Amino acid sequence: MPYSDKVVDHYSNPRNVGSLDKKDPSVGTGIVGAPECGDVMKLQIKVDERGIIEDAKFKTFGCGSAIASSSLATEWLKGKTLDEAQEIKNTQIVEELNLPPVKIHCSVLAEDAIKTALDDYREKKGLPLAERKKH
Amino acid sequence: MSLKFPIYMDYQATTPADPRVVEAMLPYFGEKFGNAASRNHSFGWEAEKAVDTAREQIAAVIGADPREIVFTSGATESDNMALKGVAEMYKSKGKHVVTSAIEHKAIIDSAKRLETWGFDVTYIEPPTDGITTAGMVRERLRDDTILVSIMAANNEVGVLNEVKEIGQLCRERGVLFHTDATQGYGKVPMNVDDMCIDLLSMSAHKIYGPKGIGALYVRRRKPRVRLAALIDGGGHERGMRSGTLNVTGIVGFGKAAELCARELEEETIRLVNLREKFKSIIFESLDEVYVNGHETKRLPGNLNVSFPYVEGESLIMGLKDVAVSSGSACTSASLEPSYVLKAMGRGDELAHSSIRFGLGRFTTEEEIEYVAEKTTEIVKRLREMSPLYEMVKEGVDLSKVEWQHH
């Protein structure tokens, strides 16, 4: 299957690969997917005192589109407030990376990873969780 | 010698026609265009003679009589013909068939069709080494079993089944034995008499012949196997498969068979050496690598490897100048990992992490070194990116993690 140039770019030069200390109270971690399904994403955010995401890291087990979706997500997260981050939609990822229909689940997973990381941070801080729609 | 890209390492999918095969075929596109069934003129006789020669070449590879070769469009048709043809012809004798869960889809789906016809099919699930033994077949035979169909060599993991022992068992029990030898024919020594094979499927394009031509070996004596035809018409191939013979394809198939038989021994040694070299490079540079299927009882040109914590499609994406095949069918809409690896009891995650490297006649040592080193480099890079690899390194037992299934 031909990949879009953007997917190839993120796959070849992934942004923000790595890990943050998940015990750090300013870090939110989201791990979604399952090995037997062929996709696992770990996405982490580090939030400063003003409530702005100052750093984001990911590690992904999955196809090129899954790697690209999570790499793109970390790029988009940096500099956003929690509320702004909450608004990132999988359809925006699909559009930006030009994902074919069989790869839409990769973007869904990335959105889920973002929301899970945000929830984890809010829970640590005792903040109310944002409402989640079910996929 | 310099490398030429892309490198083809998917020889179990198909093979290029050998230039000697192409050369043998050429006259039959042009001046020797006759219909082998034309009995009244020299054009027909010439074509018939060419078909007879090919039939001999193809039969000789498996120690068969040329009259026992029935030409088809390929192994898928041969498999369909064997299962459905036997079922239809012998249904009054019994309605039970034994096969395995890791057969090619041409067998599995034909068997499923038989189930809709009221047959009972038993699917053997081989253990992790992938080998189906005579013992496994014996346990499943019943008084009403009419056919056992077990492949000679598996297309994904390359393992060689106990064909001879299964054949002998079936002969003793008076059950017909079919083997799908699409991958084994011309690659490993086979003899229909020694191995007590009653029906055997072959395909030309897996042995450096053209696509679109195959054959089914159908035993004529002790026992004489009878088949109901799938395709009716002019009564070609002793009524078993009607349709004007693909003379050009048949000539190519014959030549390909002859070359395989002649070079089998030498080629086996060469390929096993290349395969072992490949294996040693990746095993020396990577931790946790698994060969799927038995280590040595396998096709000389097949190596199916799981690279845990790395997803197969992402690995293939990195190997962009190499043509290999993944055990993960993530590219299809189903998102299902290989049913072969699953049936062998490899966990789904290992199935998602597997790659089939298929070596063949035109594979060189330089290609082996390049692909093995490139694979190692990409696996290392992807593992650095893999949350699973990180968790395992931290001492997490992945099987105990509660994953969020989608």
Side-chain angles (χ1 to χ4, degrees), chain A residues 1-3 7-20 22 29-44 57-71 74 90 100-113 115-116 119 134-135, chain B residues 306-321 326-338 341-342 346-355 377-394 396-406:
Chain A
M1 184 185 0
Y3 294 95
V7 169
V8 173
D9 179 41
H10 277 281
Y11 171 83
S12 313
N13 312 290
R15 332 289 200 256
N16 310 307
V17 174
S19 295
L20 300 167
K22 57 177 176 281
T29 301
I31 299 178
V32 296
E36 57 267 39
C37 303
D39 296 292
V40 176
M41 281 182 194
K42 186 185 83 165
L43 199 141
Q44 293 182 301
K57 296 274 184 209
F58 86 95
K59 283 202 173 191
T60 289
F61 162 82
C63 65
S65 303
I67 291 171
S69 296
S70 36
S71 169
T74 57
N90 83 290
V102 293
K103 294 300 182 185
I104 287 175
H105 73 279
C106 299
S107 69
V108 173
L109 207 60
E111 182 188 323
D112 216 28
K115 298 212 153 77
T116 309
D119 283 354
K134 272 278 160 215
H135 289 294
Chain B
S306 282
F307 301 94
Y309 324 122
V310 170
E311 196 273 335
E313 200 186 318
S314 65
L315 178 49
I316 285 185
M317 194 174 166
L319 289 169
K320 58 182 183 301
D321 46 6
S326 162
S328 148
C330 193
T331 43
S332 75
S334 72
L335 305 177
E336 278 293 306
S338 152
L341 295 173
K342 277 175 75 167
R346 282 291 193 204
D348 276 12
E349 52 270 51
L350 279 184
H352 277 299
S353 302
S354 78
I355 303 281
E377 174 196 318
I378 295 159
V379 168
K380 282 185 176 165
R381 186 171 89 81
L382 291 173
R383 279 185 175 172
E384 282 309 308
M385 230 192 269
S386 167
L388 304 179
Y389 192 63
E390 180 183 67
M391 289 163 102
V392 168
K393 290 290 150 191
E394 285 169 357
V396 176
D397 181 349
L398 295 181
S399 65
K400 302 234 160 64
V401 177
E402 252 187 69
W403 299 104
Q404 253 197 314
H405 289 262
H406 260 252

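Everything quoted here is computed from the prediction, not taken from an experiment. In what follows, every chain begins at residue 1, and chains take the letters A, B, ... in the order their sequences are listed.
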Tell me, side chain or backbone of A:V40 under 4.5 Å from chain B's heavy atoms, or both, or neither?
both
Quick one: what part of A:T116 sits under 4.5 Å from any heavy atom of chain B, side chain, backbone, both or neither?
side chain
Atom OG of A:S65 and atom CE of B:M317: how far apart are they, to the nearest 0.5 Å?
6.5 Å
CE of B:M385 to OG1 of A:T60, rounded to nearest 0.5 Å, is 8.5 Å
Using side-chain heavy atoms (C-beta onward) and a distance below 4.5 Å, is A:P14 in contact with B:R381?
yes
If you define the side chain from C-beta out and look only at heavy atoms, does anything of B:W403 sit under 4.5 Å from A:I31?
yes
Measure the shortest side-chain to side-chain distance between A:S19 and B:E390 over non-hydrogen atoms and say whether it is less than 4.5 angstrom.
yes
Can you tell whether the side chains of A:K59 and B:E384 come within less than 4.0 Å, N to carboxylate O?
no
Where do A:F61 and B:S314 land on the side-chain contact (heavy atoms from CB on, under 4.5 Å) test, with the steps shown first?
CA-CA 9 Å; A:F61 162 82; B:S314 65; over 6 Å; no
Could you state the interatomic distance from CG (B:L398) to CD (A:E36), rounded to the nearest 0.5 Å?
10.0 Å
Between A:K103 and B:E313, is there a salt bridge with N-O shorter than 4.0 Å?
yes
Sort out for me which of A:S70, A:G62, A:A66 touches chain B most, counting heavy-atom pairs under 4.5 Å.
A:G62
Any idea which heavy atoms bring B:E311 and A:G38 closest together, and the distance?
CG-O, 3.4 Å
